[in-house]
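A quick write-up on the structure given underneath.
Numbering of ligands and ligand atoms starts at 1, following listing order. Every heavy atom of this structure was used, including side-chain atoms; hydrogens, water molecules and symmetry mates were not.
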Amino acid sequence: MSIKPLIIGAGVAGPAVALTLKRLGMNPKIFEAAAGVSTGGFAVGISPNGLAALKAMDTLDLVTKNGHPIASVTNRLPDGSVLASLSTYGSECTARYGNTQIAIRRAVLLDGLTQRAKDAGVQFQYNKQLVAISESHADGGGSVTATFADGTSETGDLLIACDGLRSFARSYVCGEQDQAPVYTGAVNYYGNASFPDDATAPPDPNLVMTSADGWMWGQYKTSSTRNEYTWWAAHRAPPEPESWKTTASEQHHELLKRELAHWGPLTHAMLDHTTSVAAFGLYNRPPTARWSRGRVLLVGDAVHPMTPNIGQGANCALEDAVVLAKCLARYPDYNAAFARFEALRKERTARIVADAARVNATSYVTNPLASWVLRQVTKVLLGMPSAFFTVFEHPYSYDAGTVEA
Ligand SMILES: Cc1cc2nc3c(=O)[nH]c(=O)nc-3n(C[C@H](O)[C@H](O)[C@H](O)COP(=O)(O)OP(=O)(O)OC[C@H]3O[C@@H](n4cnc5c(N)ncnc54)[C@H](O)[C@@H]3O)c2cc1C
């Protein structure tokens, strides 16, 4: 009988893990707390390493067909004038890492991954919030049981927890030693904007960033076929929950229009065409010493959550899915497979988590001298691709498809 992994969470990691484990001949089932495929969230940038992982899963077309490739990176001053630009960003990425970066709405990516997993025969169950885990250790066998808030339960051979930043399974794996997420002091506002197809002057479709007045602004187009954009704007602010819900949309929209009132028409065109906004508190979670316990393994944000400052959360989740399948294929004993997975992934993800935290801690500059220094550094980096890509060499150069378990 084929191995039955219970996968908890249908964010980015869950369906990706289901796909890679299904291809091993396993019979994974997904349990998600939400009522259906998430339509929440804004966009994710799938960088060369994430694209390599999708390629290894034979799902690269999901993003090449539905997302928007980033050809250039431009840093603008608040009035819209160009401070510096790396016009060859896309082609340099392809030359160095075999892939460029593709921006895509998170809901579109999730929908595509979910559909591929369903087509492969994976069952999804929604409204299933994990509330308890138990393991039985029968002689020569054993199993793990997940119990859900609605009182139902499911028993399988393994439990792969892809349940995000506030993972319930993480409390089972790490116990009381584990530390809760810590607010970093910064809030990121996200918005989706839509421009008419016949817009006379649509915004730059590539990555545009502005750093000024304590704010870090970014934007890009998220579809090659529609005039859809996502923007984000982060600054220091009192704690907000790390919720992607857009319920307070109007209030946040108004706040941004007010705070950035003196910025130029490019920013205001984006805000004026915005259809949804959310405020998302940025949290760090101290690394956990344990990644697994018995038949339970943590994957994605459940084990290495990171702030979105270098755009690697979804990319690392995709890498995890590819590497985990290699480990389970190589080691029939799940303990050995989980240990190998941790050995292969811990150092890399810890470095990315730390890099993201560092960027978050140094981004929201208000002091005039520090702002001037930041602008000079930006000019040097965007003007010198070799220096620019040194910064991204570690995350971008990884190809999960070539990792040897
Ligand atoms: C609604 C939402 C929107 C997001 N939007 C963006 C975005 O616009 N840009 C960006 O850069 N990042 C976004 N993220 C974060 C990004 O998706 C993750 O950082 C990254 O992709 C890692 O994916 P993950 O699958 O590990 O975690 P997540 O994507 O966070 O997925 C975790 C999943 O587990 C489910 N879950 C949680 N607890 C339980 C439980 N007890 N039982 C069952 N299911 C549970 C959640 O509902 C969720 O679907 C968003 C996350 C969420 C949840």
Side-chain angles (χ1 to χ4, degrees), residues 6-18 29-47 50 53 103-111 113-114 117 124-133 146-150 152-154 159-172 181 188-192 218 220 222 229-232 234 241-247 276-285 297-321 324 345 349 352-353 356:
L6 310 177
I7 297 177
I8 308 299
V12 174
V17 168
K29 268 181 127 178
I30 296 201
F31 301 88
E32 162 61 46
V37 181
S38 169
T39 52
F42 294 85
V44 286
I46 307 297
S47 50
I104 186 167
R105 289 267 163 101
R106 182 179 180 274
V108 174
L109 175 65
L110 246 56
D111 204 36
L113 286 172
T114 302
F124 283 68
Q125 289 195 28
Y126 294 100
N127 291 311
K128 293 288 178 190
Q129 185 194 350
L130 178 74
V131 292
I133 298 174
T147 302
F148 303 103
D150 63 1
T152 60
S153 61
E154 185 87 14
L159 188 150
I160 311 297
C162 305
D163 51 346
L165 174 72
R166 292 199 183 264
S167 166
F168 172 84
R170 182 164 160 155
S171 57
Y172 174 81
N188 206 355
Y189 300 88
Y190 281 85
N192 284 333
Y220 47 42
T222 53
Y229 290 74
T230 288
W231 56 261
W232 56 97
E242 71 289 0
S243 164
W244 292 98
K245 295 196 174 78
T246 55
T247 44
S276 58
V277 186
F280 183 89
L282 299 181
Y283 287 73
N284 279 320
R285 193 164 191 184
L297 174 74
L298 306 173
V299 166
D301 273 11
V303 67
H304 48 62
M306 55 188 79
T307 57
N309 302 77
I310 56 171
Q312 284 298 312
N315 292 295
C316 284
L318 294 169
E319 293 175 2
D320 282 353
L324 175 60
R345 298 293 296 153
T349 52
I352 294 175
V353 168

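- Less than 4.0 angstrom separates some heavy atom of Ile8 from each of these atoms of ligand 1: 42 (N), 43 (C).
- Not a single N or O atom of Gly164, backbone or side chain, sits closer than 3.5 Å to an N or O atom of ligand 1.
- In this structure the side chain of Leu324 reaches within 4.5 angstrom of the side chain of Leu297, judged on heavy atoms.
- Here is the list of ligand 1 atoms found below 4.0 Å of a heavy atom in Lys128: 42 (N), 43 (C).
- Residue Arg106 holds the heavy atom nearest to atom 17 (O) of ligand 1 of all those in His304, Arg106, Arg170, Gln312.
- Contacts with ligand 1 closer than 4.0 Å are made by no heavy atom of Arg166, backbone or side chain.
- Only the side chain of Ser38 comes within 4.0 Å of ligand 1, judged by heavy-atom distances.
- When side chains are defined from C-beta on, Ser167 does not count as touching Asp301, because their heavy atoms never get closer than 4.5 Å.
- Considering only non-hydrogen atoms, atom 21 (O) of ligand 1 lies nearest to Val12 out of Val12, Ile7, Val37, Asn188.
- Remark: side-chain polar atoms of Asn315 are paired, donor with acceptor, to backbone N or O of Gly45 under 3.5 angstrom.
- Ligand-side atoms of ligand 1 in range of Gly11: 25 (O), 29 (O), 31 (O), 33 (C), 49 (O), range being under 4.0 angstrom from any heavy atom.
- Close approach to Ala314 involves these atoms of ligand 1, each under 4.0 Å from a residue heavy atom: 20 (C), 21 (O).
- With a 4.0 Å cut-off on non-hydrogen atoms, Asp163 touches ligand 1 through its backbone as well as its side chain.
- The distance criterion of under 3.5 Å between nitrogen or oxygen atoms is met by Ala13 with respect to ligand 1.
- Contacts of Phe148 with ligand 1, taken as heavy-atom pairs under 4.0 Å, are absent altogether.
- Residue Ala43 has at least one nitrogen or oxygen atom sitting less than 3.5 Å from a nitrogen or oxygen atom of ligand 1, judged on distance alone.
- Residue-ligand proximity, Cys162 to ligand 1, at heavy-atom distances under 4.0 Å covers atoms 32 (C), 33 (C), 34 (O).
- Closest heavy-atom contact between Ser153 and Thr147: CB-OG1, 3.8 Å.
- Considering backbone and side-chain N/O atoms, Phe168 never comes within less than 3.5 Å of an N/O atom of ligand 1.
- Here the closest heavy-atom approach between residue Glu154 and residue Leu6 is recorded as O-CD1, 3.4 Å.
- The shortest distance between side-chain heavy atoms of Arg345 and Cys316 falls below 4.5 Å.
- The nearest pair of heavy atoms linking Tyr189 to Trp231 is O-CZ3, 3.7 Å.
- Nearest-residue assignment for atom 19 (O) of ligand 1 (options Val17, Asp301, Asn315; heavy-atom criterion): Asp301.
- Residue Phe42 has at least one N or O atom closer than 3.5 Å to an N or O atom of ligand 1.
- Heavy-atom contacts of Gly300 reach the following atoms of ligand 1: 26 (O) (cutoff under 4.0 Å).
- In this pair, Trp232 and Tyr220 present their aromatic rings perpendicular. The plane angle is above 60°, beyond the 30 to 60° band.
- Contact detail for Gly9 and Ile30: the closest heavy-atom pair is O-CG2, 3.9 Å.
- Side chains of Tyr126 and Val37 form a contact here, defined as non-hydrogen atoms less than 4.5 Å apart.
- When every heavy atom of Arg285 is checked against every heavy atom of Pro305, the shortest pair comes out as CB-CG, 3.7 Å.
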